[in-house]
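Here is how names work: the chains are called A, B, and so on, in the same order as the sequence lines, proteins then strands, and each is numbered from 1.
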Amino acid sequence: MDTLSGPGATVKPNQVERAQTTYFFEKPDGKIIAATDRQAWQLYARPNQIIKANRQRFKLVGTSDGTLYQKAVLESHEIFKTQGLEAAQKRLREGFDQELAVARGKIIPPPNFDTIGRGGEPVNLATLR
Amino acid sequence: MAVTSDPATAANLVSVISETWTSIVNEKTFNDTVLANFVTDLSAYATEGSDIFHVPDFYTNALTVGTQSTQGAEITTAIGDTVDTTLTVNTHSYVAWIIGDKDMNQIASKYSVNEIYAREAVSLLTEALEAAIAALWSSISTNAIGDTATVLSDAEIRQGLYAMENAKLKLSDCAFFFHPYVYWNQLHAVTKFYQQYSVGPSNEAGAVRTGNFGVAGYAMNYKGVLYGVPVYTTTNIVSGLQTYRNLLLHKRAFGFAVQTKGGNKVRVQMENAIRNLGTLAVVDMVYGVAVLREPAAVLLNASSAFLGS
């Protein structure tokens with residue numbers, strides 16, 4: 001029995017997370033990945049220790065506010081109710097592409113997570129008392 | 001005349017009703033260490049110094065088998081390049097706090113404040129190492145299964161296992177690492193994983209009863225086995241754009257090295273800071289992480305936009 005879609009489907013829409021500032025990076029193999037918060041800083045600031053002697057870093061290709069993907073998640077939930085999981089997944093993938101398209105060229109580095117405050121947010125030591 | 005017309009209230013007795021600070025303290029909770037306990041630990045090599053640790057790669061350009069077609073003819077030799085894989089210890093993380101002498105004297109003696117904070121700091125730094133290892137998902141290219149829209153199912157699990165065995169890696173040296181969201185909301189919704197016909201004998205407790213796949217108990221976030229491969233959960237599995245980056249790792253896929261001064265993984269130091277008139281506490285750790293064998297790692301993407309019911 002197909003448990004993901006169709007009659008007796010056991011998949012249903014879940015909560016929609018709040019939109020987060022999303023950073024898109026291009027890997028040495030050309031693939032694009034998305035990261036937020038601390039992971040984005042780790043990809044941006046740390047040397048990428050991949051196999052081979054050539055230490056290439058991931059290239060920041062764009063930054064966006066994540067609202068387009070959040071909208072895609074909302075719409076995918078509605079699409080799921082009428083058209084099933086595959087159509088909903090297609091909408092999610094379109095959302096990723098739309099978010100990336102908007103982000104391209106907007107190079108805003110992620111905040112420096114090397115120093116974080118009590119709430120887990122990055123802080124600038126120079127501005128602390 | 002009524003004698004109970006003006007009963008005493010708490011307001012009347014405010015000066016003699018006491019408050020009690022209990023000895024029960026709610027401390028911050030943390031994940032058990034699962035990734036660092038599994039992947040390759042190069043810390044032993046760091047005790048004699050060095051900042052870069054080499055793990056030569058002989059598998060990328062392996063030898064080839066030739067055929068002696070003509071008896072007596074000169075053979076052809078061939079050898080590929082070795083590849084230099086390195087791990088650099090380049091991160092020095094710390095947690096620090098200072099408590100003034102006046103405040104320290106006035107804290108109730110039942111509370112060992114610096115001990116409580118020290119425990120929290122040690123766990124924070126250990127989690128930082130776990131998070132750094134989990135963040136290596138971004139370097140996985142050869143075996144990336146699913147995308148931001150994938151709802152993890154049995155098919156993805158078997159694809160990952162196939163990728164490992166196809167790379168001629170022993171499944172007995174591999175383990176799954178899932179985010180608890182994926183483990184509880186997607187894996188446990190896969191009918192095959194909890195139906196009795198796949199669980200085993202009828203007297204064997206299934207996943208619904210134990211919460212695990214075949215083994216009771218939750219020690220060290222160990223959740224049993226799937227297709228013979230151990231399963232662990234940790235909230236340090238990275239999430240972005242509502243996608244969890246779960247991992248199926250061979251123990252040689254990732255590595256880390258801890259090189260904290262003093263020899264322990266985490267160093268706790270406290271001193272009486274005269275210039276601040278307080279007690280300064282610093283907990284620190286020096287470490288580095290790296291991908292040692294990229295084809296020995298499988299990335300299992302799972303979307304949190306959907307869950308299994």
Side-chain angles (χ1 to χ4, degrees), chain A residues 1-5 8-17 19-20 22-25 27-31 33-40 42-43 46-53 55 58 66 69-70 72-74 76-77 80 85-86 88-96 99 114 116 118, chain B residues 52 55 57 60 83-88 90-95 97 124 128 131-132 134-142 144 147-151 153-155 181 185-186 189-192 238-243 245 255 288-295 299 303-309:
Chain A
M1 181 179 79
D2 179 3
T3 60
L4 291 183
S5 60
T10 59
V11 170
K12 60 183 181 183
N14 192 26
Q15 64 186 9
V16 180
E17 294 176 2
Q20 286 183 286
T22 306
Y23 304 86
F24 292 88
F25 293 88
K27 294 166 63 170
D29 61 3
K31 290 183 184 166
I33 56 172
T36 56
D37 291 338
R38 190 192 296 259
Q39 163 91 100
Q42 286 175 333
L43 293 177
R46 298 281 183 260
N48 181 30
Q49 293 173 306
I50 59 172
I51 297 172
K52 304 269 189 280
R55 299 172 190 266
F58 289 176
Y69 192 78
Q70 185 193 46
V73 173
L74 284 163
S76 73
H77 288 174
F80 176 81
L85 182 65
E86 277 190 30
Q89 288 175 317
K90 185 182 171 196
R91 181 65 190 96
L92 282 179
R93 292 180 180 113
E94 284 170 4
F96 181 92
E99 194 73 54
D114 283 346
I116 58 174
R118 289 188 198 138
Chain B
I52 297 176
V55 181
D57 163 5
T60 298
V83 177
D84 188 15
T85 304
T86 60
L87 181 152
T88 303
N90 57 4
T91 304
H92 190 173
S93 298
Y94 71 89
V95 179
W97 66 94
L124 273 172
L136 293 172
W137 76 267
S138 51
S139 296
I140 300 173
S141 296
T142 304
D147 57 16
T148 53
T150 301
V151 179
S153 69
D154 180 51
Y181 174 91
N185 290 320
Q186 295 185 355
V190 177
T191 314
K192 181 178 175 181
V238 177
S239 165
L241 276 187
Q242 288 203 228
T243 307
R245 315 292 184 176
V289 299
V291 176
L292 298 181
R293 190 168 183 145
E294 188 268 338
L299 175 64
S303 171
S304 67
F306 295 90
L307 59 86
S309 60

**Side chain, backbone, both or neither of B/S303 within contact of chain A (heavy atoms, under 4.5 Å)** = side chain

**Request:** Measure distances from A/S76 to the heavy atoms of chain B and classify the residue's part below 4.5 Å as side chain, backbone, both or neither.
**Result:** both

**Message:** Given heavy-atom pairs under 4.5 angstrom as the criterion, report whether the side chain, backbone, both or neither of A/A35 touches chain B.
**Reply:** neither

**Item:** Largest heavy-atom contact set with chain A, pairs under 4.5 Å, which of B/A149, B/S239, B/G240
**Value:** B/A149

**Message:** Using every non-hydrogen atom in the two residues, find where B/T150 and A/R93 come nearest and quote the distance to one decimal.
**Reply:** OG1-NH2, 4.4 Å

**Asked** Pick from A/D29, A/T36, A/D37: which one has the most heavy-atom pairs with chain B under 4.5 Å?
**Response** A/D29

**Prompt:** Can you list the residues that meet the ring-ring contact (aromatic ring centres under 6.0 Å, His included) rule with B/Y181, with sequence neighbours excluded?
**Reply:** B/Y244

**Asked** Taking atom NZ of A/K31 and atom CD1 of B/I140, what is their separation to the nearest 0.5 Å?
**Response** 11.0 Å

**Request:** Side chain from CB out, backbone as N, CA, C, O: work out which of these in A/Q39 comes under 4.5 Å of a heavy atom of chain B, or both, or neither.
**Result:** side chain

**Asked** Is any side-chain heavy atom of B/S138 closer than 4.5 Å to a side-chain heavy atom of A/F58?
**Response** yes

**Asked** Residues two or more places apart in sequence or in another chain: which of them pass ring-ring contact (aromatic ring centres under 6.0 Å, His included) with A/Y23?
**Response** none

**Asked** How far apart are the closest heavy atoms of B/S141 and A/K27, and which atoms are they?
**Response** OG-NZ, 3.4 Å

**Asked** Rounded to the nearest 0.5 Å, how far apart are CD of A/E99 and CG of B/L241?
**Response** 6.5 Å

**Prompt:** Taking all non-hydrogen atoms of both residues, which atom of B/V151 and which atom of A/L85 are closest, and how far apart?
**Reply:** CG2-CD1, 4.2 Å

**Request:** Go through the atoms of B/L124 and report whether side chain, backbone, both or neither lie under 4.5 Å from a heavy atom of chain A.
**Result:** neither

**Message:** Could you measure the distance from the OG1 atom of B/T243 to the CZ atom of A/F96? Nearest 0.5 Å is fine.
**Reply:** 8.0 Å

**Asked** Nearest heavy-atom pair of B/A135 and A/Q42: which atoms, and what distance?
**Response** CB-OE1, 3.2 Å

**Message:** For a 4.5 angstrom cut-off between non-hydrogen side-chain atoms, does B/W137 reach A/I33?
**Reply:** yes

